[in-house]
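Keep in mind that this is a model prediction, so the values were computed, not measured. A note on names: the letters A, B, ... follow the listed sequences, proteins ahead of strands, and every chain is numbered from 1.
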2 protein chains.
Amino acid sequence: MIKICIAEDQQLLRGALISIMELEEDLHIVGEAADGAEAWTLIEKEKPDVCILDIEMPHLSGLEVAAKIRNHNFPCKIMIMTTFARAGYLQEAMDLHIDAYVLKDEPIQYVIGAVRKIMQGERVISQDLAATLFMNEKNPLNEREINVLKLVKDGYTTNEISKKLFLTKGTIRNYLSLSIQKLEVETRQQAVQKAVEKGWI
Amino acid sequence: MIKICIAEDQQLLRGALISIMELEEDLHIVGEAADGAEAWTLIEKEKPDVCILDIEMPHLSGLEVAAKIRNHNFPCKIMIMTTFARAGYLQEAMDLHIDAYVLKDEPIQYVIGAVRKIMQGERVISQDLAATLFMNEKNPLNEREINVLKLVKDGYTTNEISKKLFLTKGTIRNYLSLSIQKLEVETRQQAVQKAVEKGWI
DNA sequence: TAATAAAAATGACAGGTGTCATTAGTATTT
DNA sequence: AAATACTAATGACACCTGTCATTTTTATTA
């Protein structure tokens, strides 16, 4: 009997998956969570064999939960289940030695099959993602550029960012100018768009 | 036996919902679609009693499919099932006399219950949305402002927009300036954000 | 026909944005 | 000690943005 925890913020999908997995004789859902923080508490308590994590959740992302699981050396298998085929996410997942990375565009039987496979030590990655992984563009931005770009994403202006980071506004503009060049776009907004799309910030 | 068509672009959710609904004795899924265009073909062919439509799908949105159903005077009940509690979407749905407007954050049993209720002529709206409906801010933007703001959303610059619409760039700036004032924000990007969030563009 | 409203354009202003060349301080390496 | 690279700052330039007052043109209405 495989003990599973599932973390997914959309109740409709979470509930549906649970109902269907419970119909399989060898699977048992030992807990469900609607956000990352809840998921971590649950996993600590239930010690599941497999946990299925959505990436984009409130409080803690699925990748952050995965990092915690690995840091605590839990023997738990990890499946990331997400809508987004973003290279950055996938790269991060690989670095964390995630066991399965599955897109929400797969059939349920694929997900169930993947659970069984990873329990046997296999690794599962959705077909559409394999290509993404090979292309493997890596994040051209350094830490400072990432920080500044994140603040732009959150709607802050050059001046506000300069105050927040204790730098002059000229420096902020320089960082953004560099980011724009590295990402081969023309405005800070396009830079944010591209960086988000690639999973780089 | 209630005949149901379901249109939802995420296969995992679509498949899960179908499996679970098929377990109910009085429900029967007569067709599934992964985008709006497919959904419309299906509905014309199957003449279901109820169709469940996601809003954000490729080709045709759920609301556009709903409009087609109403224009052709099909006797089909319509349930909109979406992630987003956006006032503009809800308003449009109400104008189309949609029978149910359900958030993806509800339990499955709520959705199944809603199907039965609308078959008996009731109307179902997710609790969280009732408030949104009463607040009922309406879109302060006129047609031209909406068009310009949509182009900004798609990443076009002032100059590109002026060429596309055969207006001078000064005029585009004036329209954007007005939009910014009407939406009570400070930049064009914030204007786009707010308008999207409210379902106004 | 005259009055009114709207859509579109213009010009001017302050301030924001992106680029670039240059400088300076500070580690790190060789 | 010299070379290298990174981080931060500065000033200058052209261009973009948001605002405002004003004008022209074109429909609509009285």
Side-chain angles (χ1 to χ4, degrees), chain A residues 87-88 91-92 95 136-201, chain B residues 88 91-92 95 137-201:
Chain A
Q91 191 53 60
E92 203 174 323
D95 295 345
N136 196 17
E137 290 177 83
K138 64 167 176 267
N139 192 342
L141 306 174
N142 63 34
E143 214 175 315
R144 272 145 296 280
E145 289 158 358
I146 291 173
N147 285 333
V148 171
L149 212 49
K150 274 183 181 168
L151 290 171
V152 173
K153 191 192 83 179
D154 295 343
Y156 293 101
T157 64
T158 305
N159 258 307
E160 290 168 333
I161 295 171
S162 74
K163 276 168 200 157
K164 251 178 206 291
L165 302 183
F166 304 104
L167 299 172
T168 65
K169 68 182 183 180
T171 306
I172 301 300
R173 288 205 278 156
N174 286 339
Y175 286 159
L176 279 171
S177 182
L178 280 171
S179 301
I180 288 167
Q181 285 172 275
K182 286 182 178 179
L183 297 176
E184 297 173 303
V185 293
E186 295 196 317
T187 68
R188 52 182 73 194
Q189 263 73 24
Q190 286 170 21
V192 167
Q193 225 178 303
K194 180 152 185 181
V196 167
E197 185 188 298
K198 296 281 187 181
W200 286 338
I201 63 172
Chain B
Q91 190 55 58
E92 203 174 323
D95 295 346
E137 290 178 83
K138 66 166 174 271
N139 192 342
L141 306 174
N142 64 35
E143 216 174 314
R144 271 146 296 278
E145 289 157 0
I146 290 173
N147 284 334
V148 171
L149 211 49
K150 273 183 181 167
L151 290 172
V152 172
K153 191 192 83 179
D154 295 342
Y156 293 101
T157 64
T158 305
N159 259 307
E160 291 168 332
I161 295 171
S162 75
K163 276 170 201 155
K164 250 177 206 290
L165 302 183
F166 305 104
L167 299 172
T168 64
K169 67 181 183 179
T171 307
I172 302 299
R173 289 204 279 153
N174 286 339
Y175 285 158
L176 280 170
S177 181
L178 281 171
S179 301
I180 288 167
Q181 285 173 277
K182 285 182 178 179
L183 297 176
E184 297 174 302
V185 294
E186 295 196 317
T187 68
R188 53 181 73 195
Q189 263 74 22
Q190 286 170 21
V192 167
Q193 225 179 306
K194 181 153 184 179
V196 167
E197 186 187 296
K198 295 282 186 180
W200 286 337
I201 62 172

Base versus backbone protein contacts along nucleotides 8-21 of chain D [heavy-atom cut-off under 4.0 Å; B, S, -]: SBB------BBBB-
Student check: side-chain heavy atoms of B:Asn142 and B:Lys182 closer than 4.5 Å: yes
B:Gln190 atom CD, neighbour heavy-atom count above 12 within 6.0 Å: yes
Atom-pair distance (CD1 on A:Ile146; C1' on D:dT7), nearest Å: 16 Å
4.5 Å side-chain heavy-atom contact, B:Ser162 and B:Thr171: no
Whole-Å gap separating C1' (C:dA8) and CD (B:Glu145): 13 Å
Validation row: A:Lys198, A:Lys194 side chains within 4.5 angstrom (heavy atoms): yes
Length of the CD1-P vector between B:Ile172 and C:dA7, whole Å: 14 Å
Partner residues of A:Arg188 under the side-chain hydrogen bond (donor to acceptor under 3.5 Å, both in side chains) criterion, sequence neighbours left out: A:Thr158
